[in-house]
Amino acid sequence: MVTWLPPMLHSPARYDRATRENNGARGAFDAEVRARGLEPQHEITTERAEPPAAVAEALGLPAGEVNCLVRRRRLLASGIPVRLNASWFPLDIAEGTVLEEDGPVIVGGVKSALAELGYAQTRAREQIIPSRLPTEAEAHALEISPERTVVEITHVGMTAEGRAVEVTVSVAPAHYVTAQYEFPLA
């Protein structure tokens, strides 16, 4: 039984389609966990919902309306909870699609599903809150004490036309995440 995991690398490379779909992986997390020789597990629920104000703004949607599909995922590596994700999609894109299906049914994850629907993401923006205390619900779901810190990553995926089509908020125990970025300098 696995009782400890080394930190997972969070970098732009995890979003590469070949990585997300490697050997039938169900997204970046699935591929990362399998590469470590562990078994990825996904607990997924979906619902049509009113997004938080910041999510509505990022997606360019009116606030205060049920205009999104939210796909919530509790992600485990060989039984250890390592991440909570809530992915928000405009209903005009997600309604009646594979995105509404509960369970890990999408090879390549939500980015591949959106690409198949004609909304390929060509750029993204991420905001990382490197350390905060978890909410009571987060601590319970991640099976950590309320004093352990978590990392929160808000990812906004956009099409070539500039339309935001996904906002994913990920929360993970801080000891399971290492961020790495490479970028050009002028």
Side-chain angles (χ1 to χ4, degrees), residues 1-15 19-20 25-59 63-64 66 68-89 94 99-106 109-111 124-157 164 166-181:
M1 177 180 178
V2 177
T3 59
W4 179 83
L5 299 171
M8 296 179 118
L9 185 64
H10 183 86
S11 75
R14 72 188 307 270
Y15 299 116
T19 299
R20 295 188 328 264
R26 306 288 194 238
F29 173 82
D30 204 74
E32 291 163 345
V33 170
R34 286 177 190 217
R36 293 171 179 258
L38 302 171
E39 184 63 35
Q41 296 149 298
H42 308 252
E43 297 171 0
I44 301 174
T45 61
T46 63
E47 67 177 305
R48 295 173 186 190
E50 177 184 322
V55 171
E57 182 179 343
L59 291 171
V66 175
C68 279
L69 172 75
V70 60
R71 187 172 174 86
R72 297 183 196 280
R73 300 180 304 283
R74 181 176 180 245
L75 304 171
L76 302 93
S78 292
I80 298 175
V82 295
R83 190 167 289 199
L84 303 174
N85 284 0
S87 295
W88 298 84
F89 312 98
L99 293 169
E100 285 197 290
E101 293 184 33
D102 292 342
V105 297
I106 307 168
V110 299
K111 286 174 182 37
R125 175 179 67 242
E126 288 189 341
Q127 177 182 1
I128 299 175
I129 299 172
S131 181
R132 69 165 174 81
L133 292 176
T135 66
E136 187 177 320
E138 290 167 344
H140 178 74
L142 292 167
E143 300 177 11
I144 59 173
S145 72
E147 296 83 27
R148 296 294 298 258
T149 57
V150 294
V151 172
E152 180 179 301
I153 302 168
T154 300
H155 172 95
V156 179
E166 170 201 357
V167 174
T168 295
V169 180
S170 299
V171 177
H175 58 282
Y176 285 151
V177 178
T178 298
Q180 178 178 309
Y181 295 91

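All of these numbers come straight from a predicted model, not from anything done at the bench.
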* **CA sep, side-chain torsions, deciding dist, call: Val110, Leu99, side-chain contact (heavy atoms from CB on, under 4.5 Å)** => CA-CA 7 Å; Val110 299; Leu99 293 169; 3.9 Å; yes

* With sequence neighbours left out, what residues match Glu50 under side-chain contact (heavy atoms from CB on, under 4.5 Å)? -> Val66

* To do: Please say whether more than 12 non-hydrogen atoms of neighbouring residues, nucleotides or ligands are located less than 6.0 Å from CZ in Arg74.
  => yes

* Structure fact -> Of all heavy-atom pairs linking Thr154 and Val167, the shortest is CG2-CG1, 4.1 Å

* Asked: When you look at Val82 and Leu5, which way does the side-chain contact (heavy atoms from CB on, under 4.5 Å) test go after all the steps?
  -> CA-CA 9 Å; Val82 295; Leu5 299 171; 3.3 Å; yes

* Backbone of Ala54 reached by a side-chain donor or acceptor of Glu57 within 3.5 Å -> no

* Asked: What are the two closest heavy atoms between Ala172 and Val177, and how far apart are they?
  -> CB-CG2, 3.6 Å

* Is it true that Glu43 and Arg73 make a salt bridge, defined as a side-chain N closer than 4.0 Å to a carboxylate O? -> no

* Structure fact -> Closest non-hydrogen atoms of His42 and Leu75, given as atom of the first, atom of the second and distance, are ND1-CD2, 3.4 Å

* Does Glu138 reach the side chain of Leu84, with side-chain heavy atoms less than 4.5 Å apart? -> yes

* To do: Would you check if Pro173 and Arg148 make a side-chain contact, meaning some heavy-atom pair closer than 4.5 Å?
  => no

* Spacing of CG belonging to Asn85 relative to NE2 belonging to His155, to within rounding of 0.5 Å -> 10.5 Å

* Asked: Could Glu166 and Arg71 be called an ion pair, given the rule that one side-chain N must be under 4.0 Å from one carboxylate O?
  -> no

* **Intermediate values then yes/no, side-chain contact (heavy atoms from CB on, under 4.5 Å), Arg36 and Met8** => CA-CA 10 Å; Arg36 293 171 179 258; Met8 296 179 118; 3.8 Å; yes

* How about Val150 and Leu133: do any of their side-chain heavy atoms sit closer than 4.5 Å? -> no

* **Donor-acceptor contact present, side-chain Thr168 to main-chain Ser87, <3.5 Å** => no

* Asked: Does the side chain of Val171 reach to within under 4.5 Å of the side chain of Val151, using non-hydrogen atoms?
  -> no

* CZ (Arg125) with more than 12 external heavy atoms under 6.0 Å -> no

* Structure fact -> Here the pair of heavy atoms bringing Phe89 nearest to Ala94 is CB-CB, 3.8 Å

* Asked: side chain to side chain donor-acceptor pair (under 3.5 Å) between Asp102 and Thr45: does it pass, once the steps are laid out?
  -> CA-CA 5 Å; Asp102 292 342; Thr45 61; 5.6 Å; no

* To do: Please identify each residue that fulfils side-chain contact (heavy atoms from CB on, under 4.5 Å) with Pro52, with sequence neighbours left out.
  => Val55, Trp88

* Asked: Considering only heavy atoms from C-beta outward, does the side chain of Leu69 approach that of Thr46 to under 4.5 Å?
  -> yes

* Asked: Val70 and Ala86: which non-hydrogen atoms are nearest, and at how many Å?
  -> CG2-CB, 4.2 Å

* To do: Work out which heavy atom in Cys68 is nearest to a heavy atom in Pro51; give both atom names and the distance.
  => SG-CG, 3.7 Å

* Walk me through it: do Tyr176 and Leu142 pass the test side-chain contact (heavy atoms from CB on, under 4.5 Å)? => CA-CA 11 Å; Tyr176 285 151; Leu142 292 167; over 6 Å; no

* Partner set under side-chain contact (heavy atoms from CB on, under 4.5 Å) for Glu39, not counting sequence neighbours -> Ser78

* Structure fact -> Rounded to the nearest 0.5 Å, the CD atom of Gln41 sits from the CD1 atom of Ile80 at a distance of 9.5 Å

